[in-house]
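Just so it is clear: chains get the letters A, B, ... in the order the sequence lines come, proteins before strands, and each one is counted from 1.
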Protein chains: 2
Amino acid sequence: MGDRVPKPTIKDVARAAGVSLGTASRVINSNATVNPKLRVKVLEAISILGYSPNAVAQSMRLKTTQAIAIIIRDITVPGFSHFIKSAQEILYDAGYVLMLAASEDSKDRELGILNSLARRRIDGLIMSTMSENDEDLVAAREEVGVPIVLLDREPTGTADAIILGYREGTQQAVEYLLNLGHARIALITGSLETRPGRERFLGYEDAFAAAGLAVDRRLMRARNFTPEYAFVESTAMLNGRDPPTAIIAGGVAMLPGVMRAIAASNLRIPADISVIGSINSELSELATPPITVVNVDYRAIGIEAARLLLDRLDNALEDPPRRLKFGTSLIIRQSCAPPTASRLR
Amino acid sequence: MGDRVPKPTIKDVARAAGVSLGTASRVINSNATVNPKLRVKVLEAISILGYSPNAVAQSMRLKTTQAIAIIIRDITVPGFSHFIKSAQEILYDAGYVLMLAASEDSKDRELGILNSLARRRIDGLIMSTMSENDEDLVAAREEVGVPIVLLDREPTGTADAIILGYREGTQQAVEYLLNLGHARIALITGSLETRPGRERFLGYEDAFAAAGLAVDRRLMRARNFTPEYAFVESTAMLNGRDPPTAIIAGGVAMLPGVMRAIAASNLRIPADISVIGSINSELSELATPPITVVNVDYRAIGIEAARLLLDRLDNALEDPPRRLKFGTSLIIRQSCAPPTASRLR
DNA sequence: ATTTCGTCATGTAACGTTTCATTCAAGAAG
DNA sequence: CTTCTTGAATGAAACGTTACATGACGAAAT
């Protein structure tokens, strides 16, 4: 702003208090013994000058930035934003500041971000890579050289991880639909290069296998987790031959895409098509009818991810990597019904 | 992680390349003239050692952290998250990193965050304070000593500001409802200590004044912008005497609260009650019926806020504070209808 | 009375950069 | 052949901290 007056340094404080630099430092970090009279002089000088320590210089000296970064695909996804919010809260309370970056499902961007963060000497990292085994990405992560908590990704190296039980969750969802009488159940999810995509596929197959039914792979689509992709695939399947009687939106951001496709195809939920979404949201709760979802508590996950990282940081320990698993719960609402005869093949 | 090997410094690079520290620095910042032979030796050393400059040390020397912070009430609000996302993108592309903090509508928290950011010597700040004129908050903002862009707040001091045309937007919404035949229109919004609350009040009054009608202040509620508050006030009004025939959710996060209250009261939109929300969202778009909203494009706003700040930073100029105004648009959907006779008083 | 501690304050090095004032060598000009 | 001038590399200082080694000064112990 207007005030281009440089901020006072500890040197100014020392001068104003008539003590040495070291003494001023000692009263600020109030650990060592220091003459009470000098202490008050320093304290006075601090409040008169409005001194506050320069965190950059401290970082330089102490080799810790008290900064933690979160890299995530898209912060506007409701689940992710709750994740970030709760993690930020924990981190802030522990004295860390949060750096946030969106990788946008782009390898280059993810690499660039990792690079930039490495330079900045952050203390820790919470992220969900776009591709678990990509060499460059693995190397870039390693290069940052700080503890990492991976979010629903198969951990590589020494990273800790939070993993989500989407396999069981999807299995449960599919079984629920099978029990309602559905046979043609579509699953739309993201890349199989990441854990959540693979797990949902497995869960889907588990359910069919358990029921002794064969899966129709044409109803299983996996490219990316965006609502646009969900819209495209939903539209294609709904208007193709042998349309599904139920759709599972296998990604936290995908439900809107599916719903848009259903609306555009002039179908009604659940009379014409049953729908199950991933994670609870205002939309799934307040839609008419409310949408059944495979829920997972992203607030809790954010908290635990932050704690996991802080713990690792505190006890810099060489403990083996840890992985924390979070289960899912099927929140049954009114978006699923037995398939209508007319739409059965 | 495992590698506790300290990262190579420019000194290591210089030694490995057999040149002086200054020379290494010059080839890294590739501005000055340097002997081509030495240049390649340095470059080789850099790639062999895997050197990347320490941003903390650079910040120390250059007195710029290339970090910009956003402080916002709640990052999970869909509009805000889009704001953050687009701002982050612009900032990242300009070489800045984003620090994010949630103020949670708490003065203490906001103060604490400002303090922490001041220490960290961020380069700029985008925020929306919880109370525009609170002395402590004004002082704390000043104390950070960097350019600020205020988001939909009356700027103090030298801060730039993005302001939103909620007054006109609300007036337009109220007029729309008046034209449909509504007379008892509820407005629920946040604190009048901030601009958006006040502006909505004014817009509401403008519309009634223009129609030559008197406002019923009991239908105007303003405390805070949360869905919980919207739920409480909606429920109270809908089940009280002389219930409104239309409700305007005057805050970007409030529509879900209003909708929950309507559902809980077993009313139908728009047959029993008309509803207008603030800003477009997946919920307003995909609800049944889709909800009419006073929209404002938070993506565009995020971009402009970032640009405004970058511009100020680039031309460190003492230009007078700027304010950019964004208009609103009424997106008419199916949540409003003429009031039903039976519910008119 | 001299030595030995212990208590506190001081001064300084170091963290990893960038930049500025020097130095040095070599080529051009007298 | 000497002197200037230019171009390029070097060395050192500085940014704001913290921490460590030193030093000063009394008090206690021999």
Side-chain angles (χ1 to χ4, degrees), chain A residues 4-43 45-46 49-67 95 116 118-123 145, chain B residues 4-43 45-46 49-67 95 116 118-123 145:
Chain A
R4 281 280 143 265
V5 195
K7 305 215 173 188
T9 76
I10 196 173
K11 217 174 282 185
D12 299 322
V13 171
R15 194 177 317 122
V19 303
S20 83
L21 218 155
T23 306
S25 172
R26 264 156 61 236
V27 13
I28 289 164
N29 302 301
S30 55
N31 42 356
T33 74
V34 43
N35 186 322
K37 298 183 79 162
L38 294 188
R39 149 163 278 125
V40 305
K41 288 183 86 168
V42 172
L43 258 21
I46 287 176
L49 294 175
Y51 167 80
S52 86
N54 182 326
V56 175
Q58 290 179 316
S59 293
M60 179 84 168
R61 183 71 233 255
L62 301 176
K63 301 191 162 319
T64 157
T65 50
Q66 299 292 103
S116 151
R119 257 205 260 295
R120 287 172 188 274
R121 305 292 194 264
I122 54 168
D123 288 349
Chain B
R4 280 282 139 266
V5 197
K7 306 215 171 187
T9 76
I10 196 174
K11 216 175 283 184
D12 299 323
V13 170
R15 194 176 319 121
V19 303
S20 82
L21 217 153
T23 307
S25 172
R26 266 156 59 236
V27 13
I28 287 164
N29 302 301
S30 55
N31 43 356
T33 73
V34 42
N35 186 323
K37 298 182 81 163
L38 293 188
R39 147 162 280 126
V40 306
K41 288 183 86 167
V42 172
L43 258 21
I46 286 177
L49 293 175
Y51 168 80
S52 85
N54 181 327
V56 175
Q58 290 179 315
S59 293
M60 178 84 169
R61 181 72 231 256
L62 301 175
K63 301 190 162 316
T64 157
T65 50
Q66 299 293 103
S116 151
R119 258 205 259 295
R120 286 171 188 274
R121 304 293 194 264
I122 54 168
D123 287 349

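Here the side chain of Asn29(B) pairs no donor or acceptor atom with the backbone of Arg26(B) at under 3.5 angstrom.
A residue-by-residue look at Pro36(B) and Arg121(B) shows that Pro36(B) has its nearest nucleotide of DNA chain D further toward the 5' end. In terms of position on DNA chain D, the residue among Gln58(A) and Ser20(B) whose nearest nucleotide sits closer to the 5' end is Ser20(B).
Separating the NZ atom of Lys37(A) from the C1' atom of dA9(C) is a distance of 15 Å, rounded to the nearest angstrom. In this structure, Asn29(B) atom CG and dG16(C) atom C1' are separated by 13 Å, rounded to whole Å. If you take CZ of Arg15(B) and C1' of dA9(D), they are 18 Å apart, rounded to a whole angstrom. Remark: C1' of dG16(D) and CZ of Arg120(B) are 16 Å apart, rounded to the nearest angstrom. The distance between atom CD1 of Ile28(A) and atom C1' of dT17(D), rounded to the nearest whole Å, is 9 Å. Counting to the nearest Å, the P atom of dG16(D) and the NZ atom of Lys7(A) are 12 Å from each other. In this structure, Arg119(B) places its CZ atom 11 Å from P of dT17(D), rounding to the nearest Å.
Between Asn35(A) and dA9(C) there is a side-chain N or O to OP1 or OP2 distance below 4.0 Å.
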Stepwise side-chain contact (heavy atoms from CB on, under 4.5 Å) test for Asn35(A) and Thr23(A)
CA-CA 9 Å; Asn35(A) 186 322; Thr23(A) 306; over 6 Å; no
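Of the candidates dG16(C), dA9(D), dC8(C), dC8(C) carries the atom nearest the Arg26(A) side chain, counting heavy atoms from C-beta on. Which of dT17(C), dT12(C), dG16(D) sits closest to the side chain of Lys63(B) comes down to dG16(D). Considering only side-chain atoms of Ile10(B), the nucleotide from dT17(C), dT19(C), dT17(D) that sits closest is dT17(C). Side chain of Tyr51(B), nearest nucleotide from dA9(C), dT17(C), dT10(D): dT17(C). Among the nucleotides dT17(D), dT19(C), dA9(C), the one closest to any side-chain atom of Leu62(B) is dT19(C). Nearest to the side chain of Met60(A), among dG16(C), dC15(D), dA8(D), sits dG16(C). Of the candidate nucleotides dG16(D), dA9(D), dC8(C), dA9(D) has the atom nearest to the side chain of Thr23(B).
Among the heavy atoms of the strands lying under 4.0 Å from Leu21(B) is at least one base atom, whether or not backbone atoms are also near. Contacts of Thr9(B) with the nucleic acid, taken as non-hydrogen atoms under 4.0 Å apart, involve only primed sugar atoms and P, OP1 or OP2. Across all strands, Val56(B) comes closer than 4.0 Å to no nucleic acid atom at all (heavy-atom distances).
In terms of heavy-atom proximity, Ala24(B) sits nearest to Val19(B) at N-CG2, 4.1 Å.
Side-chain contact between Leu21(B) and Lys11(B) is present, with at least one heavy-atom pair separated by less than 4.5 Å. Within the 4.5 Å cutoff, the side chain of Val27(B) has no heavy atoms near those of the Leu38(B) side chain.
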